[in-house]
Amino acid sequence: MINTARQIPRAGWCSTASWGVLTIAYLLLYGVTLVSADDTGFDLAQTINQTPEGGVLNVPAGVYYGPIVLDRPIMLIGQPGAVLDGRGDGDVVQINAPDVTLRGFIIRNTGDILDRENSGIVVTAPRATIEDNRLEDVLFGVYLKSSPGSHVRRNHITSKDLDLPRRGDCIRLWASDNSVIEDNTITDGRDLVMWYSNNLIVRRNTVTRCRYGIHFMYAGQATVEDNRLTDNSVGMFLMYTKDLILRRNVMARNRGPSGFGLGIKDVDGADIRDNLMIDNRVGIHIDNSPSNVDLTHRFQGNILAYNDIGLGMLPNVTRNEFVGNGFIDNVQQVAVFGGGKFEGNSFTVEGRGNYWGDYRGFDMDGDGLGDVEHRVASVFENLMDRQPKLRLFLFSPAQQAIESAAKAFPVVQPKIRAIDTAPLMNPPRPPSIANAPPRSSAMATAGGLMLLAGVSVLFVGWRG
Amino acid sequence: MTQAAGATPPERKATQMKSEPREAWISPATVSVLIRKELRDAVHNRWFVSYTAGFTVMALGVSYMAQVGTGYSGFAGFGPTAASMINLVLLLVPLMALTLGSSSLALERDRGMLAYVLAQPVNRVEVILAKFLGLAIALLGALAAGFGAAALLIARQADAQQVGLFLRLVGFSAMLAISMLAVGMMIATFIRSSGAATGAALLAWLTFLLLGDLGLMGSAVMFRIQTPQLFLTAIINPTECFRLSVIGGFDATLDVLGPAGLYASNTFGPRLPVLLAVILVTWTLVPLMLAVFRFSRKPL
C-alpha cells in the first residue's frame, strides 16, 4: 500500500505512488485524522505475511492494534507517527522468528496482568534487533525470552502508572546469551534484569525511578559500563553471578528500603573500577562475595560520596581489595552490619591505599601518600552499631561531644574497623564525573535578597 | 514616648503613678515606637554586633570549606554545606538568642532605663511585647545577613532543588532563634539579677544543646527506651526540632537516622516538618506568654 518499500521491482513503484496519492485524497475527503489502521486501509498483519523473508517493511504513520505477530525474519520500520497499540490486553508485539528488526515505533498499552508478563515486545527467537522505539504504558517493556545474540538499543521505555510491585520489568533478558543492551532510557518501571544469560554488554543506559536499575541473576561474563542509575530503589544489584566487569557507572540517589548504589551477593569474579556511588543509602553493599576461596575482588578508583554508609559489608565477607577509591563525606564511611571488623579485606594494596575525606594526617615527603596510617574508628559508630536507635542523634552536638571526649580522654578506645597504611592525599577523578546538575541562579537571588534585607534591617536599626 | 504624654489629664497620671495598667488594649503606634527603640538598642549592643559578625564569618567559613571539599565532583552543592551548617546554627543561634533575651531587662533596669520607660503612658504588656519584637527583628536581620552572604558564596554550585533546602534551613533557623529569644525573655522576667539571668540562659543553652540529648542517649541505653518514645521525647527539645527538620530536607525518608527516623517518616510522613514547626512555635508562645504575665505583675 503506501510506501511498502520492500524489494519491489521498479515498474511497481508507480502503482505504489498512485495508491499513496489515492489514500491521501481519501483521507482529505473524509477529513479523518490517522486514528486507526482501518482508516488508512493498511492491513499490517497481511502486509507482514506478504513481505518476503529478509525483506524490509516500512509502516506509515497510524495506529495499528496488536497483538502484532512477527513470525518471519523481516525488518519492520515505523515511519514517524507509527503506533502499535495493545488495547490494554496482552502483548503488543510478539517476535517469533529469528533475525527480526523492529525500529522506530511507538508501542503502547499492554495488558496489566503480571503473571502473564504482558509485554510491549516479547521475543522468543534469536538475534532480534529492537531499536529506536518508544514504549509507553507497557507492563513489561522488551522481554527477550530465549533470544540469544539480540541487540536492544536507543529505546525509551516507561512502564504503567502502577505501584512499584505491580509494574513489570522494562527490559528483561531470559536465557539470552551474547546480547547487547545499550543507550536505552528507562523511567518509572521495575527492573532492567538479566536472568541466566552470559556474555552480555550493558552500556550507556539511563535508568531512573525504577526498582532495580540493573539486576543480574545467575548471569555472567558481562561488561557493564557507563550506565547512569539514579533515584531507583536499588542502583545495581548483582546476584549469583560470575565474571563481571563494572566500569564508569554512576549510581546516585538510590534510596529505597535497601537503597544500595551497588549491591553484590554471591558473585565470583568482579573487576569494579571508576564507578561513582553518590548519595545512596549504602554506596557498596557486599554479601558473601567472592564466595570462591580462590578469588579476590578488586575495587579500584571508585568514588563513594555522600552516602549514609559508604561501604557496607556483612560479617565474614573476606578477600576484597580496595585501592585508589575515594571515601568522601559519607555519614559512615565503612560499616560492618551487625558489628565487627573488616578482617580478611585490605584497604592498602602494594603500598597504595584509598582517599579518606576524614583523614587527619599529613604528607611530609610529598609522594601523595599520608605518612600516618588512617584508622577507621569512631566511638559513636560503635554505639550506633549496638544501639541503632541512637542514630537519631546523628549530626547533633551531643554526638560531636562524645567523639571529641573520646579523642581527648582516650580511656574509651573505639574499636578499629579497618586500617589504611598508605592513605592517598587526593581523591581519584573517575572519568565518569561529568554531568553536574544544571546550575540555577535562584540561590544567588535568594542570597542577595536576604543579605540586602538583613543589612538594611541592621542599618535602619543603627540609624534609629 | 508618645506625644500624648504631655496632654494626659492629671487624674489619669495619678493612676499611673501607682503603676497599674493604663488600659488593657495594646496601641500599635506605641508598640512600633518602642520596637524601634529596642531595635536601635540591640544593634548598638556590643554583644549583638560581635554575635552577628561571628555568625556571618563562620557561616561563610563553613560554606567555603564544604565547597572546597565537595565542589570538585560537581555533585553536591548545598547538601554537605547544609549538614555542616546544622551544627553552626545549633551552637550559635540559641546562644545568641538566649543571652540577648535574658539580658534584655536586667541591663535596662540597672541603668534606670526601664523605670523611665514605664513612667511613660505605656502599659507593661506593650513594653515587653515591643522588646520581644524589636529583638526578634534584630536577630532575623543578623541571620539574614549571615545566611545571605553564605548563599552568595555557594551560589555558583547550587541547583534549583538546593535553594528549597536552603530556604528550609533559614526558615527553621529563624523559628529556632525566635523560640530561644522567648525563652531568654522568660528567664529575664523571672530572674532579677543580670549575672544570674545570663547564667541561667547559659545553662538553658547547654541543656538544650548537650545535656538533654546526652541524658536521653544515656536513658535510652540504660532503661531500654523504645524507639517511638525515644523519638517523641527527643522532639520536645526545640534544637532537635530544628536539626530533624533540616535533615528531613535533604533526606525526606529520614532513613539516615536509623530506626527512629524510619518510625518518624512512617508515622508522620510529610506532616513531620509541620509537627516540628508547631513545636517550635509552641516553644515561642508559651515562654512569651509566661514572660508577659510575669512582667505585667511583678514589681519593677
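Chain letters run A, B, ... following the sequence lines, proteins first and then strands; every chain starts at 1.
- Between B/L230 and A/F393 there is a side-chain heavy-atom pair separated by less than 4.5 Å.
- The residue among A/L392, A/L383, A/L451 with the most heavy atom pairs within less than 4.5 Å of chain B is A/L392.
- Neither the backbone nor the side chain of B/T56 comes within contact range of chain A; no heavy atoms are under 4.5 Å apart.
- Contacts between B/L244 and chain A at a heavy-atom distance below 4.5 Å involve the side chain alone, from C-beta outward.
- Taking the six-membered ring where the residue is Trp, A/F260 and A/H285 present parallel rings, their angle staying beneath 30° rather than reaching 60°.
- A/Q333 and A/D358 are linked by a side-chain donor-acceptor pair at a separation below 3.5 angstrom, with hydrogens and angles left out of the test.
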Would you sort out whether A/R417 and A/E381 count as a salt bridge (Lys or Arg N to Asp or Glu O under 4.0 Å), showing the intermediate values?
-> CA-CA 10 Å; A/R417 290 155 190 275; A/E381 284 177 10; 3.7 Å; yes
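- Residue A/Q399 touches chain B through its backbone alone, counting heavy-atom pairs closer than 4.5 Å.
- Note on A/G357, A/S396, A/A453, A/S456: by heavy-atom pairs under 4.5 Å with chain B, the leading option is A/S396.
- Among B/Q226, B/R36, B/M217, B/E38, the residue with the largest count of heavy-atom pairs under 4.5 Å with chain A is B/M217.
- Heavy atoms of A/R255 lying under 4.5 Å from chain B belong to its backbone as well as its side chain.
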Any chance you could lay out the side-chain contact (heavy atoms from CB on, under 4.5 Å) test for B/T207 and B/W205, step after step, and finish with the verdict?
-> CA-CA 5 Å; B/T207 309; B/W205 175 71; over 6 Å; no
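- With a 4.5 angstrom heavy-atom cutoff, A/I402 touches chain B only via side-chain atoms.
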From CA spacing to verdict: side-chain contact (heavy atoms from CB on, under 4.5 Å), A/V460, B/R40 | CA-CA 8 Å; A/V460 167; B/R40 187 170 188 284; over 6 Å; no
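- Counting only heavy atoms from C-beta outward, the side chains of A/L246 and A/D274 never approach each other to under 4.5 Å.
- The aromatic rings of A/F299 and A/F322 sit parallel, their planes meeting at an angle under 30°, below the 60° perpendicular limit.
- Contact annotation for B/A138: only backbone heavy atoms (N, CA, C, O) come within less than 4.5 Å of a heavy atom of chain A.
- Ring orientation note: the planes of A/Y359 and A/H374 are nearly perpendicular, at an angle over 60° on the 30°/60° scale.
- Of the residues considered (B/A144, B/A151, B/A260, B/G134), B/A144 shows the highest number of contacts with chain A, using heavy-atom pairs under 4.5 Å.
- Ranked by heavy-atom pairs under 4.5 Å with chain B, the list A/L458, A/T445, A/L452, A/I309 is led by A/L458.
- Contact of B/I225 with chain A is made through the backbone alone, with heavy-atom distances under 4.5 Å.
- When each of B/L140, B/L91, B/I247 is checked for heavy-atom pairs under 4.5 Å with chain A, B/I247 comes out on top.
- Ionic pairing of A/R253 and A/D279 is not present here: no N-O contact between side-chain nitrogen and carboxylate oxygen is shorter than 4.0 angstrom.
- Proximity to chain A (any heavy atom under 4.5 Å) is shown, for B/Y263, by neither the backbone nor the side chain.
- For B/L90, the part lying near chain A is the side chain, with the backbone staying farther off; criterion is any non-hydrogen pair under 4.5 Å.
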